[in-house]
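Structure, as structure tokens:
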Amino acid sequence: MKEWKTRQLSINQYDDIINLWKKAGLPFRPRGRDSRAHIAQEMEGTDTAFIGIFDNNKLVAAGLATYDGRKGWINRVAVDPDYRGRGLAGKIITACEQFLEGIGAEIIACLIEDYNKPSMALFQKHGYILGKDILYFSRRKSPDI
Ligand SMILES: CC(C)(COP(=O)(O)OP(=O)(O)OC[C@H]1O[C@@H](n2cnc3c(N)ncnc32)[C@H](O)[C@@H]1OP(=O)(O)O)[C@@H](O)C(=O)NCCC(=O)NCCS
């Protein structure tokens, strides 16, 4: 059986990340926080890691871990539809957790749209507890951000 290894991604994999997000049907903001320049800047910081799994040279799963100094966050977990159901998302979550705990995070959280049942089941399987009493508010400089 193939052993799937996680590794930290660099800006050289930017196009692969975007293609994976498109393939996975994940919404993203190419003119905002998902622009090449913004992701390059994020990757330079020590509190962010983009983590991926490759099948040979093909990026087949990825996720984003960020630490704001108070909580760790896991975002944008995406698996190529041809590679789902093999535990790859779980491996991405574990690698994100290891990164975040390694830089001091004691709480790790994620935001999931209420229609995304597979993602909710995924995080619940990995020990995340749903907080039903929280609603998400945000304020944006533009809709593209
Ligand atoms: C959600 C997603 C990341 C899961 O990837 P995956 O590699 O297939 O997930 P895993 O094989 O690691 O599954 C682990 C667990 O997640 C849950 N899960 C995954 N896919 C599921 C589905 N379609 N329906 C219900 N539960 C699902 C199950 O609990 C599963 O455990 P099990 O195999 O023991 O039943 C993938 O479907 C995806 O990329 N979706 C589109 C992008 C997205 O919505 N990302 C989440 C953003 S928060």
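Indexing begins at 1, ligand by ligand and atom by atom, following the structure's order.
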Ligand 1: protein residues within heavy-atom distance under 4.0 Å: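 Only Ala24, Leu26, Val77, Ala78, Val79, Arg84, Gly85, Arg86, Gly87, Leu88, Ala89, Gly90, Asn116, Pro118, Ser119, Ala121, Leu122, Lys125 have heavy atoms that fall under 4.0 Å of ligand 1, ordered by chain and number.
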Spacing of Thr48 atom OG1 and Phe99 atom CZ [to the nearest 0.5 Å]: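 Interatomic distance, Thr48 OG1 to Phe99 CZ, rounded to 0.5 Å: 6.5 Å.
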Backbone of Gly32 reached by a side-chain donor or acceptor of Ser35 within 3.5 Å: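 At least one qualifying donor-acceptor pair exists.
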Geometric class of the Trp21/Phe28 ring pair [parallel <30°, tilted 30-60°, perpendicular >60°]: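 Ring orientation of Phe28 relative to Trp21: tilted.
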Ion pair check, [X] and [Y], cut-off under 4.0 Å:
{"X": "Arg36", "Y": "Asp15", "answer": "yes"}
{"X": "Lys23", "Y": "Asp80", "answer": "yes"}
{"X": "Asp144", "Y": "Arg33", "answer": "no"}

